[in-house]
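Only heavy atoms go into these numbers, but all of them, side chains included; no hydrogens, no water, no symmetry mates.
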Amino acid sequence: SSRPLTVEAVAGMLGQLLPADSRRALDELGAIEHELPRSIAADGDRFTVVAARGGDDIWIEIRRDRTTPVDTAHEIPATTAKEEPPVGPSDVAPTVSAVAAVVAEPPAPVLPSPALELFAATRTAPLIDPVAPPPPEAMGEHPDAVPPESSQAVVVPLARSPVRTDAPARPAPPLRIAGMDRLLRLAAARGANTLYLMSSSRPSIRVDGEIAALEGERVLTAPEVESLLLDLAPERNREALRNGLGTEWMSDVPDVGGVRCQSFRDHRGPGGIFRMIATRPTPADQLGLSREIQSLCMESEGLVLVAGPRSSGKSTLISAFVDLINRTRNDYVITIESRISCAHESRGCLVSQREVRGTSEEIAAVVRAALRENPDVLVIEDLRSPAVVALALEAMESGHLVIGAMSAHTTTSAIGRVLDQFPPERRDQIQLMLAEGLRGVVSQVLVRKAGGGRVAAREVLLNTPAIASLIAEGRISQLPLALDSGRKHGMVPLNDALAGFVQNGIVDVKDAYRKAFERQAFLAVLRREGIDTSFADRLA
């Protein structure tokens with residue numbers, strides 16, 4: 001294609017290439033392989049379609065396997081071949097193939113019948129497999145000699161130079177192409193954010209918070225794992241790997257993007273963890289953020305808190321906040337993160353992301369330095385210490401919009417944790433500061449969906465006059481009652497969010513019950529909505 005293909009265009013190709021049952025299998029499993037009918041392929045050729053889905057991305061690979069000998073005399077006249085300039089191995093296309101690795105972009109005009117055009121491109125110019133050995137005649141061998149087995153094909157663009165029968169065989173791909181890059185691409189195609197390699201184990205991936213073995217992969221030995229790690233690691237990290245020491249580095253893998261790599265050694269041998277950095281954040285609309293939550297990002301100043309237990313998607317939610325601000329405002333945004341999980345390109349805003357690991361004092365020093373740059377929006381991934389919380393409140397009072405996250409199960413407990421960071425003699429002052437500067441709190445938990453995947457149940461607390469009065473007076477225990485009575489202002493209790501998913505059939509009632517922080521109150525909400533709660537007795 002002369003332009004980047006849209007998701008819609010490649011989805012149309014899938015509709016033409018795959019039957020309905022294969023498309024359903026692709027949606028359910030994430031990857032399929034389908035052999036096209038012989039009536040479509042040219043005489044003596046066999047075409048196989050390999051397709052995978054990961055998030056909003058679609059990968060299609062069309063493989064052509066030639067099953068009959070090629071009459072090279074009819075393909076390229078000998079006189080013409082002698083006059084052609086030398087062609088290197090990199091100019092010759094391998095056995096197959098056509099690949100479309102698609103990233104969602106603004107819709108573009110779709111060519112008519114793109115799959116058929118793509119198919120035709122593989123049939124108009126007969127190919128000699130450069131991975132396989134040259135014909136026996138070219139090697140001075142007898143025609144009846146049995147050729148050695150061909151190597152595995154690799155992915156290349158459709159565009160190709162004229163094929164020469166005397167082109168040298170392509171050398172075997174290095175380990176990184178055949179190994180780590182392939183594993184990382186498979187993991188990304190299956191929607192994983194992390195790949196795990198351990199000695200004497202199959203490669204595993206984490207998808208939707210759950211770890212599973214990577215299908216079709218064999219058990220890796222300790223030398224194989226070490227070889228894969230050494231191939232991907234830069235020179236400065238290889239000595240630590242050879243000595244069995246843990247080390248970290250960043251790699252940029254084609255078609256995957258940035259990958260954060262971490263090595264370790266356990267009782268079975270070396271291992272590695274590979275976390276893929278998202279190239280684009282999940283939009284607010286795709287996360288299902290309500291109008292009230294999105295309006296918090298439009299505040300010019302104040303404090304917005306994001307809360308939730310461990311692995312509840314706080315980083316993803318904050319990333320969506322930054323993306324929304326980046327698209328709708330023209331400000332200077334600084335993010336301070338312990339681990340950058342999503343890279344933001346500057347759009348309407350100038351976005352500067354800082355990765356900080358260390359003690360609370362070191363994090364506080366980075367926050368102070370960032371405030372000297374006078375950002376409009378300051379994002380602090382973890383309000384973990386009194387020093388950092390105090391700096392966030394000072395920035396809030398100075399007219400900055402501060403977005404901070406902390407580990408807390410509910411909006412009320414998040415506010416309580418902020419106040420608990422300070423000694424009793426400062427408590428009254430902090431309560432007044434928070435009552436005036438707080439804009440809202442969003443807490444969330446991730447719940448397994450009935451049809452697979454996960455969905456976020458969110459509790460939303462907005463700083464209405466009633467909420468501000470309770471905070472100023474230190475009556476934090478009464479905030480849940482004010483939250484229940486604030487539905488008309490757009491507030492949502494967590495139990496209401498969980499019960500709504502159960503009513504709509506999105507979440508199983510047992511999974512929702514396990515994620516409820518106040519389970520008896522959640523059962524009361526279910527009974528009020530007419531939902532059977534007898535399951536709770538069996539779980540108890």
Side-chain angles (χ1 to χ4, degrees), residues 209 287-293 296 304-314 317 405-420 431 434-435 438-450 454-540:
L287 287 180
L289 300 185
S290 65
R291 181 185 60 187
E292 289 77 17
I293 295 177
L296 295 174
V304 176
L305 291 177
V306 174
R310 187 186 72 87
S311 300
S312 59
K314 296 188 294 293
L317 181 56
M406 60 170 44
S407 294
H409 285 83
T410 65
T411 57
T412 300
S413 58
I415 294 175
R417 288 203 61 183
V418 170
L419 296 175
D420 290 342
Q431 288 171 180
L434 199 59
L438 181 67
R439 295 295 176 261
V441 187
V442 180
S443 69
Q444 72 174 28
V445 293
L446 296 179
V447 192
R448 184 184 295 109
K449 295 171 63 176
R454 295 183 297 177
V455 65
R458 300 185 181 92
E459 181 174 89
V460 183
L461 181 144
L462 305 176
N463 194 15
T464 61
I467 297 293
S469 177
L470 292 176
I471 295 175
E473 296 171 8
R475 294 186 289 167
I476 307 303
S477 61
Q478 298 182 26
L479 286 176
L481 294 176
L483 176 60
D484 281 334
S485 60
R487 291 183 177 88
K488 60 183 178 181
H489 299 292
M491 298 192 213
V492 181
L494 179 60
N495 288 335
D496 285 12
L498 291 171
F501 287 141
V502 173
Q503 280 185 304
N504 294 327
I506 299 174
V507 171
D508 184 82
V509 65
K510 297 177 184 178
D511 291 326
Y513 176 76
R514 293 186 182 97
K515 290 294 183 177
F517 182 65
E518 298 174 343
R519 293 184 174 179
Q520 292 305 315
F522 176 61
L523 292 177
V525 173
L526 293 180
R527 295 188 191 102
R528 187 181 66 203
E529 300 297 334
I531 300 175
D532 180 24
T533 60
S534 59
F535 70 91
D537 298 331
R538 295 191 295 271
L539 291 177

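- Rounding to the nearest 0.5 Å places CZ of Phe517 at 11.0 Å from CG of Asn495.
- Closest heavy-atom contact between Gln503 and Glu529: NE2-OE1, 3.2 Å.
- Residues Arg519 and Tyr513 approach most closely at NE-O, 3.3 Å, considering heavy atoms.
- Around the CZ atom of Arg291, the shell of radius 6.0 Å holds no more than 12 heavy atoms that belong to other residues, nucleotides or ligands.
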List the atom pairs, with distances to 0.1 Å, where a side-chain N or O of residues 479-489 and a protein N or O form a donor-acceptor pair under 3.5 Å, not counting sequence neighbours.
residue : atom : partner : partner atom : Å
Ser485  : OG   : Leu481  : O            : 3.3
Ser485  : OG   : Ala482  : O            : 3.0
Arg487  : NE   : Asp496  : OD2          : 2.6
Arg487  : NH1  : Asp484  : O            : 2.6
Arg487  : NH2  : Asp496  : OD1          : 3.4
Arg487  : NH2  : Asp496  : OD2          : 2.8

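- Here Ala499 pairs with Phe522, Val525, Leu526 under the side chain to side chain contact (heavy atoms under 4.5 Å, CB included) rule; sequence neighbours left out.
- For the pair Arg475 and Ser469, the minimum side-chain heavy-atom distance is below 4.5 Å.
- Shown here is Arg439, whose CZ atom has more than 12 heavy atoms of other residues, nucleotides or ligands within 6.0 Å.
- Asp532 pairs by the side-chain hydrogen bond (donor to acceptor under 3.5 Å, both in side chains) definition with Ser534, not counting sequence neighbours.
- In this structure, the side chains of Ile415 and Ile476 come closer than 4.5 Å at one or more pairs of heavy atoms.
- A heavy-atom distance below 4.5 Å is found between the side chains of Ile467 and Met491.
- A donor-acceptor contact shorter than 3.5 Å is absent between the side chain of Lys314 and the backbone of Gln444.
- Taking both residues in full, the closest heavy atoms of Ser312 and Leu446 are given as O-CG, 3.4 Å, listed atom of the first, atom of the second, then distance.
- Counting non-hydrogen atoms of neighbouring residues, nucleotides and ligands closer than 6.0 angstrom, the NZ atom of Lys515 reaches no more than 12 such neighbours.
- Counting heavy atoms from C-beta outward, Leu289 and Arg458 have side chains that approach closer than 4.5 Å.
- Across all non-hydrogen atoms, the minimal contact from Arg417 to Met406 is CB-SD, 3.9 Å.
- Under the 3.5 Å distance criterion, the side-chain polar atoms of Asp511 are left unmatched by any main-chain donor or acceptor of Val447.
- Taking each heavy atom of Ser413 and Ala408 in turn, the nearest pair found is OG-CB, 3.6 Å.
- Looking only at distances, a side-chain donor or acceptor of Glu459 sits under 3.5 Å from a matching main-chain atom of Thr411.
- In this structure, Leu494 CG and Ser443 OG are separated by 6.0 Å, a value rounded to the nearest 0.5 Å.
- In terms of heavy-atom proximity, Val441 sits nearest to Ala414 at CG1-CB, 4.1 Å.
- Side chain of Asn504 to main chain of Ile506: no donor-acceptor pair is present (N/O by atom type, distance under 3.5 Å, no hydrogens or angles).
- A 4.5 Å side-chain heavy-atom check between Leu462 and Leu296 finds at least one atom pair inside the cut-off.
- Atom CG of Leu305 and atom CG of Leu434 lie 7.0 Å apart (nearest 0.5 Å).
- Atom CD1 of Ile471 is separated from atom CG of Leu461 by 7.0 Å, given to the nearest 0.5 angstrom.
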